[in-house]
Structures are given as C-alpha cells and as structure tokens.
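What follows is a set of notes on a single structure, which appears directly below.
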Amino acid sequence: MVERMLRFVSVEKGMPDKRDPTTRRGDFGEIYGEFARDKAAEQAARCSQCGIPFCQVHCPLQNNIPDWLKLTAEGRLEEAYEVSAATNNFPEICGRICPQDRLCEGNCVIEKGFESVSIGAVEKFITDTAFERGWVKPIVPRREFGQSVGIVGGGPAGLAAAEQLRRCGYQIHVYDRHDRIGGLMIYGIPNFKLEKPVVERRTRLLAQSGVVFHCNVEVGANVTLAKLRQRHDAILIASGVYRARHILAPGAGLKGIHAALDYLIAANRVGLGDHVVAFAGGALDAKGKQVAVIGGGDTAMDCVRTAVRQGAKSVRCLYRRDRANMPGSQREVHHAEEEGVEFVWLSTPEAFLGDDHVRAVRARRIHLGVADAAGRQIPTTIEGSSFTIDADMVIKALGFDPEDLPVLFGAPDLAVTRWGTLKIDQRSMMTNLDGVFAAGDIVRGASLVVWAVRDGRDVADRIRTYLQAKADTRPLAAD
Ligand SMILES: Cc1cc2nc3c(=O)[nH]c(=O)nc-3n(C[C@H](O)[C@H](O)[C@H](O)COP(=O)(O)OP(=O)(O)OC[C@H]3O[C@@H](n4cnc5c(N)ncnc54)[C@H](O)[C@@H]3O)c2cc1C
Ligand code: SF4
C-alpha cells in the first residue's frame, strides 16, 4: 500500500469549517461543522506515526490515536471506529469537548513548528460517521448474570461504567435526580459545544442495551443509600460536584446575582424545549442586559458565550489572574473573544452595588506576586485601584465543591476527604462501605468528561472483580 502518512510537511493543519462569529452569536448550534471524508483522511495523514506517541500518553484514556489516524488516512473507517471505540465509550463527545490543547494535541510531536494533527476533530468524525452508517449497535451481552449494580448519577462516569458492566452481562440500574440522563453533558455544557442529540443518542443506545434508567430519583430524598444497597449487589456513586462557591462581598445577596449552574441549566432546558419560569420571567435571561461573569474557568466561558447568544447588551468577564494563568481552555477564550466578550483581566469584585437589584460591580485591580508552593503566582489586590463597571446581571462562576453526601444520602458512615470528595481505596475504588464504589468528579473534584470516562471504565473493572468474588463465595445450592 502506498504510504500515506507523514503529510505534515506538505499539508497544513486544518479543522472542519468554523461558523463565523456573527452567525454563531445568533443561535446555539455547534460552531464547527464536520470534516468532509477526504479532508478527514488528509488531516489524519499528517500524523508522523512517531515511535513514542505522546498524544496517546497524554490522553487520559490512552487512546490508540496513531492507529486510528492511519486507518482513517487509508479510508478504513469502520476499523478506525472499532479501534477508537475500544478505549473510549464516547469518542464523538470527547472529540468535541476535550481541551485538546492541554491533552493529546498539545503533546503532538509535530506541534513544534508544524502545528499538531487535528486529533479531536478526526475522532469526532470517525464516530459520527459510524453512527450515520449504522456501525454503532446496542450491546448484546454474551451471557446474562443475575447480579445487579445500582449507579447513582447518569453523567459520563456513571454512563461509561454502565456500558462496560452491561457488556459483561450484569443488570444495570442508573438513578438520577434530573429528568434527563447525561449529567453535566446535558445540563451544564451548552449546545454550542456539544449538541444535545449527540448525548441523547448515546443514552438511547444504552437503554436499547438493557440499561434501566430511573429519572427523577434523588438518592437521599426519594430513596436512601441503605435501600439501594439492599436492592443491588454493588453500588457506584458517580454523582458529580454541585455545591457552587460563593463570593463574600457587600451586596452579594442583591437580586440579579446568580450561580452559574442555575443560569446554564435554565438555558439548556430552554434549548431542550422546556418552559423555565425564571427564564420566561426574565431573571435568568440575559437579553438586553449588561452582564458581568466572575471567574476564569470553562464554566465562566460557557456563561459569557451563552449570554452573548441570548442577546445581552454587553458581556464582560472579570478574572483575578491574567490570560496566561486562567484555568479555562485558551481555545474557549479565543472563541469568546471572537464572539464579542470583553475580558477584564487581573480584577476581582469588591462589592456589588444597587438598592434591591444589582446595577454595578465595584472591582479592584490585582497584582500577581511570588509563586506559592504549587507554583502559581499569588494574587494580591492593589490599594486605591477600585473601578466600577455597570452590570444588571452578575453570574458567579467560581467553581464547585461536593455536596455533603453523608448527610444527603442518610449515610453518616460514608467516609469523605477533607475537601468533601468521597474517600476511596485507590486499588479497589471502593469507599469504606462494602460494595459501594465511587468515580468521577465526586472522587476527583471538578474535572473533565474524559477523566470521568476513564474513571467509569476503571471502576467497572473493579466492580466486576468484586461481583465475581461475591458470586464465588455464595453457598452452593443444596442438591
Ligand atoms: C458548565 C460546565 C462546562 C464544562 N465544560 C467541559 C468541557 O468543555 N469539557 C470537559 O471535558 N469537561 C467540561 N466540564 C466538566 C465535566 O462536565 C465534568 O467533569 C463531568 O461531567 C463529570 O462527570 P461525572 O459523571 O463525574 O458527574 P456529572 O456529569 O456531574 O453527573 C453526575 C450526575 O449525578 C446526578 N446526581 C447528583 N446527585 C444525585 C443524587 N443525590 N441522586 C441521584 N442523582 C444524583 C446528577 O443529576 C448528574 O446527572 C464542564 C463542567 C461544567 C459545570
Ligand atoms: S479523548 Fe480527548 S485527549 Fe484523548 S484523544 Fe480524544 S480528544 Fe484527545
């Protein structure tokens, strides 16, 4: 076969067509289109097939990237799909929303001087094509087992574990307090990054594979953890982190100041066709407003870009560090800037002004001082540097902490770390309660979808080992 690879010397990096900012400001559709088949093959052929694929090393799933790039370049797409699906339950989702600049693509060997291979875009193309062609099929386990697993949380960690365990033939029940399955992939991450039908076709496939979803069931409120333990042979807690961090500043209780997730959940629900009272009444709608978003992570970027699409009069993002030191993906900052968001770097809110409703934010300038033990420069406020910006809607996007699960689940013995995340044995991934496992953000703290998938796959392996041991120790039935 003619060698098709190593084309990075003659072919420039390309991405699927990106919609121009003016058009995309007007709707919530994804901003990138799909590669044409020949373009995907051409881009995949830029891979140098290097001896040590650092892209694979730095992918949390250790995806076999060079192999599926080569298969794509050779037009062997069905095989590329098989290889890609072997290590990732949701390649088309990771291809869309992984911060590739920090993971696979950021470590591509040809990045130095030639720009990386468009790994994420090719990964998305392969599995989107597989769905179109009908290559993605529901699971039919080779053997059914009577043992069942109850999974608390239908986010990426819970769903990846559900798929892996169902494949082994266990009976899987997923409990979620929301009315839709998908976790933050449905109610956190906006449509313009990840269109909801992409998530819904995955949950449909799992349902067709025999996974049973119990929506609107809040563990703690509707059923206790103890009850679930009686019902199932093993439990996985994959409930994510949802307690929003607050700002302690005068005026923080004024009307018009909202938590990021309240705002994003409302926007996502409206996009899904729900009637949301707080949106219809105007409180959670940015239309015509001067919006200030506080924070510099991915959540903040999603809020500013949602506000732009809702028709805000102006959108500013206040962040206490500078661009180089922000936690959010640089790619997302770039998209936000293209869409007209103004960044006020090195600033922190000092007070929220207004009588009953917020009308402005008084902020102070920040100086980044010496680095702390973790190597991050410590921000200190500059005396006398106060300034005011008009804002009649303020969104706090300062990160999330775990809820108090021992209290919420009515399980006071459930051990947590000093950060409130669940404590697990690193080898067995089990909590201190026998047969109760945990994975995803509730163990790691707020992280990424790709890490949740990794944790979901790992914990499924541990649960399988546990269930096998449990089955083996059952007394033999008398003849
Ligand atoms: C706004 C935003 C944008 C993000 N953007 C990106 C991005 O671009 N790329 C990326 O990789 N990551 C992104 N992330 C992070 C990513 O979404 C999370 O790391 C990932 O979803 C964690 O997966 P999980 O399965 O652990 O938890 P979740 O996705 O949080 O799922 C947990 C599920 O548990 C359910 N649950 C919680 N408590 C209970 C209970 N008591 N009873 C029943 N069900 C319960 C919840 O309803 C939820 O469905 C973003 C996060 C946010 C908030
Ligand atoms: S899963 Fe994420 S990090 Fe891994 S190859 Fe895909 S886009 Fe890159």
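Counting convention: from 1, in listed order, for ligands and their atoms alike. All values below come from the heavy atoms of this structure, side chains included, with hydrogens, waters and symmetry mates left out.
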Using the salt bridge (Lys or Arg N to Asp or Glu O under 4.0 Å) rule, take Glu105 and Lys13 through it: C-alpha gap first, then chi angles, then the decisive distance, then the call. CA-CA 11 Å; Glu105 293 183 19; Lys13 177 174 183 167; 3.1 Å; yes
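Side chain of Arg25 to main chain of Glu339: a donor-acceptor pair is present (N/O by atom type, distance under 3.5 Å, no hydrogens or angles).
Listed by chain and number, Glu123 OE1 are the protein N/O/S atoms closer than 2.8 Å to atom 6 (Fe) of ligand 2, with waters left out.
Arg102 and Gln330 share no side-chain donor-acceptor pair at under 3.5 Å. Between the side chains of Asp302 and Tyr263, no donor-acceptor pair is found at a separation under 3.5 Å.
Sorted by first and then second residue, the ring-ring contact (aromatic ring centres under 6.0 Å, His included) pairs involving residues 416-443 (not counting sequence neighbours) are Phe437-Tyr466.
The cationic atom of Arg309 (NZ for Lys, CZ for Arg) lies less than 6.0 Å from the six-membered ring centre of Phe192 and within 45° of the ring axis. A cation-pi arrangement is absent between Arg202 and Phe90 under the rule of less than 6.0 angstrom and at most 45 degrees off the ring axis.
Residue-level contacts of ligand 1 at the 4.0 Å heavy-atom threshold are Ile97, Val152, Gly153, Gly154, Gly155, Pro156, Ala157, Tyr175, Asp176, Arg177, His178, Gly183, Leu184, Gly188, Ile189, Lys193, Val217, Glu218, Val219, Ala238, Ser239, Gly240, Tyr242, Leu264, Thr299, Asp302, Phe400, Phe409, Gly440, Asp441, Ser447, Leu448, Val449, Ala452.
Atom CZ of Arg320 has 12 or fewer heavy atoms from other residues, nucleotides or ligands within 6.0 Å.
With sequence neighbours excluded, the residues forming a side chain to side chain donor-acceptor pair (under 3.5 Å) with Asp20 are Thr22, Thr23, listed by chain and number.
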